[in-house]
Amino acid sequence: MTGALAFMEAHRLRAGALACALAATAAFAAPAPWFYWRSKVDGQRVCAQTSPGQGWVKDSQPYEGPGCTPRRKVLIVPMR
């Protein structure tokens with residue numbers, strides 16, 4: 001009976017370690033950048049994080065904002 005309990009305890013320990021490892025990797029994940037994609041067929045442009053399909057090519061640099069919005073520019077004015 002003690003062998004079965006030891007096996008279950010080791011299994012719980014491994015499962016807990018795996019859960020911690022997955023949570024740690026998710027904490028460092030960043031959102032995917034947005035791109036404009038141009039159709040090879042008719043030249044139409046679409047904003048998406050991943051390619052819409054085989055007939056599309058990247059048509060811009062990556063945007064960090066949602067929906068291909070440019071990053072906000074913050075002006076810092078020193079106080080006198």
Side-chain angles (χ1 to χ4, degrees):
M1 192 69 166
T2 60
L5 290 175
F7 176 76
M8 288 178 20
E9 185 64 29
H11 182 67
R12 269 194 218 136
L13 185 61
R14 285 189 193 115
L18 179 62
C20 288
L22 289 175
T25 56
F28 294 111
W34 292 80
F35 296 95
Y36 274 113
W37 298 86
R38 183 172 300 279
S39 171
K40 292 180 183 178
V41 176
D42 61 0
Q44 181 182 0
R45 289 179 74 188
V46 173
C47 178
Q49 289 179 308
T50 60
S51 174
Q54 291 181 343
W56 297 82
V57 293
K58 278 187 193 173
D59 193 39
S60 72
Q61 296 295 322
Y63 288 91
E64 293 184 13
C68 296
T69 56
R71 184 181 221 179
R72 285 188 181 179
K73 294 182 181 178
V74 178
L75 180 63
I76 299 174
V77 180
M79 295 183 65
R80 294 182 182 217

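We're numbering straight along the sequence, starting at 1.
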To the nearest 0.5 Å, tell me how far F35 CZ sits from D59 CG. 12.0 Å

Between S60 and R45, what is the shortest heavy-atom contact and its length? CB-NH2, 4.5 Å

Between R38 and G43, is there a donor-acceptor pair closer than 3.5 Å when you use the side chain of the first and the backbone of the second? yes

For residues K58 and Y36, determine if any side-chain heavy atom of one lies less than 4.5 Å from a side-chain heavy atom of the other. no

Would you name the heavy atoms of C47 and W34 that are closest together and state the gap between them? SG-CE3, 3.6 Å

What is the minimum heavy-atom distance between S51 and W37, and which atoms define it? N-CZ2, 3.5 Å

